[in-house]
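As structure tokens, the structure follows; a few thoughts come after it.
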Amino acid sequence: MNQTIKKKLHLLLLNLFFSCICLLSLVPILYVLLLSISSGGGALLTGSFGSLTLENYRKIIVEEPFLKWLLNSVILSVGTMLLAMGTSVSASYAFSRFHFRGKNKAMHLLLLLNAFPQILSMFAIFRLFRLMNLLDSHMGLIFIYAGSMCIFGIWNLKGYFDSIPIEIEEAAKIDGSGNLQLILKIIMPLARPAIIVTGVMILIFVWNEYLFATTFMLREESYTLSGGLYQLQANDYSRSWPLFSAAAILVSVPILIIFFCIQKHMVSGLTAGGVKG
């Protein structure tokens, strides 16, 4: 009986400890949220938030090209995700199932390319884009993002495809399924959790990317949300932290919605792909 009480007390203290950590991690988020609906411009210095108002959100949406920045981010994120995932799914399946000369070396070469600092290639990419007339264009950035993120997608999806039993594919081939039908109707449904999570991770990376977006987009109207936030903080609104906080909250909302929508896929990804006896 004493052991049972000690065990329950230990679990209670452990749960309280982790609950306190979670609450502490929410403090900065709650502070930014409160600051975004505050009328006190000097809240960070004086600690006075002033009256609560939604005026900061109105100014961001109406007086700033926030919706244009949002559209640019959506175009780049979705375009990159589609191009990178279209390449990653097919390539990772080939690396997982097919045997060919130099397969391991190719995987290691991709990993080496992914480890190469992207900032070192910016000058060469800038000159190449200027020659190809891709500066200040969405397509140019999509090519850059997809080229780097498809490597992450290949490595991430290959491990998942390796966990899918080969017997499932062999049974489908015996039933007369072709290679394309096998991938679309059997492999991709089994790997759906991994595909969704990988695609969302690529989308989040592009959504938050700042360096390339501000280097290759030359006009303020072409900025993404990350570049637009810097523009708000660096120019005439540099001392208006409530405005900046309201913009930061608006930028975070779409990602939070996507995260809550894919939670079930993240959990199911731990068990999907198995064979039932």
Closest non-hydrogen atom pair between [X] and [Y], with its separation:
{"X": "Val251", "Y": "Trp207", "result": "O-NE1, 3.2 Å"}
{"X": "Ala213", "Y": "Leu141", "result": "CA-CD1, 4.0 Å"}
{"X": "Ile249", "Y": "Ser36", "result": "CG1-OG, 4.2 Å"}
{"X": "Cys150", "Y": "Ser88", "result": "O-OG, 3.2 Å"}
{"X": "Ala246", "Y": "Tyr57", "result": "O-CE2, 3.6 Å"}
{"X": "Ala191", "Y": "Ile164", "result": "CB-CD1, 4.3 Å"}

Tell me whether [Y] is reachable from [X] by hopping between hydrophobic residues (I, L, V, M, F, W, Y) whose side-chain heavy atoms are closer than 4.5 Å.
{"X": "Leu16", "Y": "Leu26", "result": "no"}
{"X": "Met139", "Y": "Val206", "result": "yes"}
{"X": "Ile75", "Y": "Ile202", "result": "no"}
{"X": "Leu128", "Y": "Phe126", "result": "yes"}
{"X": "Leu67", "Y": "Ile255", "result": "yes"}

Are side-chain heavy atoms of [X] and [Y] found at a separation under 4.5 Å?
{"X": "Phe212", "Y": "Tyr145", "result": "yes"}
{"X": "Thr53", "Y": "Ile37", "result": "no"}
{"X": "Leu250", "Y": "Ile61", "result": "yes"}
{"X": "Ser226", "Y": "Asn208", "result": "no"}
{"X": "His138", "Y": "Met217", "result": "yes"}
{"X": "Leu157", "Y": "Phe161", "result": "yes"}
{"X": "Glu63", "Y": "Arg58", "result": "yes"}
{"X": "Lys59", "Y": "Leu243", "result": "yes"}

Are the side chain of [X] and the backbone N or O of [Y] linked by a donor-acceptor pair below 3.5 Å?
{"X": "Thr80", "Y": "Ala146", "value": "no"}
{"X": "Glu209", "Y": "Leu211", "value": "yes"}
{"X": "Ser137", "Y": "Asn133", "value": "no"}
{"X": "Ser92", "Y": "Val89", "value": "yes"}
{"X": "Asn156", "Y": "Ile151", "value": "no"}
{"X": "Thr198", "Y": "Ile195", "value": "no"}

**Asked** Of Phe129, Tyr210, Phe123, Tyr223, which meets ring pair (Phe, Tyr, Trp, His ring centres under 6.0 Å) against Phe216?
**Response** Phe129
**Asked** Parallel, tilted or perpendicular: which fits the ring planes of Phe66 and Trp69, with parallel below 30° and perpendicular above 60°?
**Response** perpendicular
**Request:** Evaluate the ring planes of Phe100 and Phe95, with Trp represented by its six-membered ring, and classify them as parallel (under 30°), tilted (30 to 60°) or perpendicular (over 60°).
**Result:** tilted
**Message:** With salt bridge (charged side-chain N to carboxylate O under 4.0 Å, His left out) as the criterion, how do Glu170 and Lys173 come out once you've worked through the C-alpha distance, each side chain's angles and the decisive distance to 0.1 Å?
**Reply:** CA-CA 5 Å; Glu170 293 175 348; Lys173 289 180 179 179; over 6 Å; no
Hey, could you give me the [atom1]/[atom2] distance between [X] and [Y], rounded to the nearest 0.5 Å?
{"X": "Leu30", "Y": "Leu35", "atom1": "CG", "atom2": "CG", "answer": "12.5 Å"}
{"X": "Lys7", "Y": "Leu12", "atom1": "NZ", "atom2": "CG", "answer": "14.5 Å"}
{"X": "Met149", "Y": "Met81", "atom1": "CE", "atom2": "CE", "answer": "12.0 Å"}
{"X": "Ile60", "Y": "Leu54", "atom1": "CD1", "atom2": "CG", "answer": "13.0 Å"}
{"X": "Leu225", "Y": "Asn72", "atom1": "CG", "atom2": "CG", "answer": "8.5 Å"}

**Evaluation steps, side-chain contact (heavy atoms from CB on, under 4.5 Å), between Met107 and Ile154** = CA-CA 9 Å; Met107 290 292 293; Ile154 290 172; 4.2 Å; yes
**Request:** Could you verify whether a donor N or O on one side chain and an acceptor N or O on the other, from Asp162 and Ser96, lie under 3.5 Å apart?
**Result:** yes
**Request:** Indicate whether the side chain of Asp136 and that of Ser222 have a donor and an acceptor atom separated by less than 3.5 Å.
**Result:** yes
**Request:** Could you please spell out the steps behind the side-chain contact (heavy atoms from CB on, under 4.5 Å) verdict for Met201 and Phe152?
**Result:** CA-CA 10 Å; Met201 292 179 70; Phe152 161 77; 3.6 Å; yes
